[in-house]
Amino acid sequence: EGGTSWQVRASVQAWSAITMSSDGSHLAATVNGGQIYTSSDSGATWTLQAGSASTGWTGIASSSSGTQLAAVDGSVTYKSTDSGVTWSQVSSGTGPRSVALSANGQRAYTSTYNGRIWAAVANQTTVGTAGSIGGSQDDALTLQYMGSGVFVVLNYTNNSGSFSIQ
């Protein structure tokens, strides 16, 4: 019906941002001055994620699967790789107000009120001999050359259970 009618799906709170997986089944929402809630049933029920900080959330973003999440609170960027159950701080001091994630969750962008856009790329190589990629013949890896001797891992398949990027 294209959004012509709406249903209440959560209690009244100071909701500040919401995001969802590409199929709409996994959602995550932030409460300004509170924590992060997630849903794995298209918003029918919501679970408080106690592992999230209680802060002034300003933005949240999801990968297409809903397993990779990023959230910002105006001073810190946080990430989750388990659909919001646990969170870790990945940056501070950039003043992020909004956040976007790529479909695979490997690229993140944040923006600030003072006109800057920040980019973060996961699994990026550096010029030189430091770092390694290991696995077996059953593993697969797709790289993108960024220039100046730097590659970015676009995706990988860990069939052996021993694949690693360092």
Side-chain angles (χ1 to χ4, degrees), residues 1-32 34-53 55-74 76-91 94 96-112 116-125 135 138-146 151-161 163-165:
E1 46 121 326
T4 57
S5 63
W6 293 79
Q7 291 181 330
V8 174
R9 292 289 188 152
S11 62
V12 175
Q13 296 205 46
W15 300 107
S16 55
I18 190 166
T19 189
M20 73 175 141
S21 60
S22 61
D23 66 1
S25 64
H26 289 81
L27 291 94
T30 59
V31 175
N32 190 11
Q35 291 177 285
I36 295 174
Y37 288 76
T38 60
S39 172
S40 59
D41 57 8
S42 300
T45 60
W46 291 87
T47 302
L48 170 66
Q49 296 301 335
S52 64
T55 187
W57 298 108
T58 59
I60 192 165
S62 174
S63 64
S64 63
S65 68
T67 57
Q68 308 275 336
L69 297 169
V72 294
D73 70 358
V76 177
T77 303
Y78 298 85
K79 76 171 184 175
S80 173
T81 58
D82 56 10
S83 300
V85 175
T86 60
W87 291 85
S88 59
Q89 180 178 328
V90 293
S91 71
T94 59
R97 299 292 177 175
S98 63
V99 62
L101 274 181
S102 62
N104 66 4
Q106 296 298 301
R107 294 191 179 155
Y109 281 82
T110 62
S111 65
T112 64
R116 291 198 170 111
I117 294 177
W118 298 82
V121 180
N123 297 327
Q124 180 171 321
T125 63
D138 296 325
D139 297 327
L141 174 69
T142 305
L143 300 172
Q144 178 179 351
Y145 182 64
M146 302 301 289
F151 290 84
V152 172
V153 177
L154 295 178
N155 59 53
Y156 62 91
T157 304
N158 184 3
N159 292 321
S160 69
F163 184 78
S164 65
I165 301 171

Look up atom [atom1] in [X] and atom [atom2] in [Y], then write down how far apart they are to the nearest 0.5 Å.
| X | Y | atom1 | atom2 | result |
| --- | --- | --- | --- | --- |
| Trp87 | Ser80 | CH2 | OG | 5.0 Å |
| Arg97 | Ser111 | CZ | OG | 10.0 Å |
| Thr58 | Asp73 | OG1 | CG | 6.5 Å |
| Ile18 | Ile36 | CD1 | CD1 | 12.0 Å |
| Gln49 | Ser83 | CD | OG | 9.0 Å |
| Arg107 | Leu101 | CZ | CG | 12.0 Å |

Any donor-acceptor pair under 3.5 Å from [X] side chain to [Y] backbone:
| X | Y | result |
| --- | --- | --- |
| Thr38 | Ala28 | no |
| Ser63 | Gln68 | yes |
| Ser64 | Ser22 | no |

> Below 4.5 Å, heavy atoms only, C-beta onward: do Tyr37 and Leu27 meet side chain to side chain?
Replying inline: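 No. Closest side-chain heavy atoms not under 4.5 Å.
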> Are the side chains of Trp15 and Val31 in touch, meaning some heavy atoms are under 4.5 Å apart?
Replying inline: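 Yes, side chains in contact.
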> When you check the side-chain N and O atoms of Ser16 and Thr30, is any donor under 3.5 Å from an acceptor?
Replying inline: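 There is such a pair between these side chains.
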> Under the side chain to side chain contact (heavy atoms under 4.5 Å, CB included) criterion, do Tyr78 and Leu69 qualify, and how do the steps go?
Replying inline: CA-CA 8 Å; Tyr78 298 85; Leu69 297 169; over 6 Å; no
Can you see which heavy atom on [X] is nearest to which on [Y], and at what distance?
| X | Y | value |
| --- | --- | --- |
| Ser42 | Gly24 | OG-O, 3.3 Å |
| Ser98 | Val72 | N-CG2, 3.8 Å |
| Ser21 | Asp23 | OG-OD1, 2.7 Å |

